[in-house]
**Student:** 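The structure follows.
In this chain, numbering begins with 1 at the start of the sequence shown.
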Amino acid sequence: MNFSAITVTERTELGQRQSIEVENNVIHVYMNPQGLSGIIISDKDYPSELRFPYSHWNTADTIEYPELTQYIQKYQDPQQADNIMKVQKELDETTTIMYKTIESLLQRGEKIESLVDKSEALSAQTKIFYKTTKKMNSCCVVISAP
């Protein structure tokens, strides 16, 4: 990851921003006009809207940004910080549930068809058994003694 961050930083022009996806992470680079770069490496779900105002980039020696601690705490859970991601996560969960429900219904339908087939086979066997026993009973006459 360090190699990727260094390479992206070296290829970023002065005064430009760029974001590059590497594996399951995104490297965000900003190179200010004086050559000072800022790098953030985050996972793909982390919102990229969080930016450090250029007016705070006083010198390369010190950068004061007291809100950073609050932002870091807030954005530890990207889904909680970004409403669109919340909605997308809920949609993904709903889609998963729907697929499982449809799959369950299809399996239930297959089981019902199997039961109907077995019932029809049992009914046919019962008819054959009935006819066979009727023939067997007709050949013998039961005589009852007075």
**Student:** Can you give each donor-acceptor pair under 3.5 Å made by side-chain atoms of residues 106-119, sequence neighbours left out, with the distance rounded to 0.1 Å?
**Tutor:**
none

**Student:** Under the side chain to side chain donor-acceptor pair (under 3.5 Å) rule, collect the residues that match up with Gln16, sequence neighbours excluded.
**Tutor:**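 Here no residue qualifies.
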**Student:** Taking ILVMFWY side chains as joined if any heavy atoms are under 4.5 angstrom apart, and letting links pass through other members, which residues group with Val87?
**Tutor:**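 Besides Val87, the hydrophobic cluster comprises Leu91, listed by chain and residue number.
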**Student:** Taking only residues at least two apart or on different chains, which pairs with a member in residues 90-102 satisfy side-chain hydrogen bond (donor to acceptor under 3.5 Å, both in side chains)?
**Tutor:**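 Sorted result for residues 90-102: Gln88-Asp92.
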**Student:** Sequence neighbours excluded, which residues qualify as salt bridge (Lys or Arg N to Asp or Glu O under 4.0 Å) partners of Glu120?
**Tutor:**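 In terms of salt bridge (Lys or Arg N to Asp or Glu O under 4.0 Å), with neighbours along the sequence ignored, Glu120 is linked to no residue.
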**Student:** Quick one: name the residues clustered hydrophobically with Met31, using the 4.5 Å side-chain heavy-atom rule over I, L, V, M, F, W, Y, and just say none if it's on its own.
**Tutor:**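 For the cluster that includes Met31, the remaining residues are Leu14.
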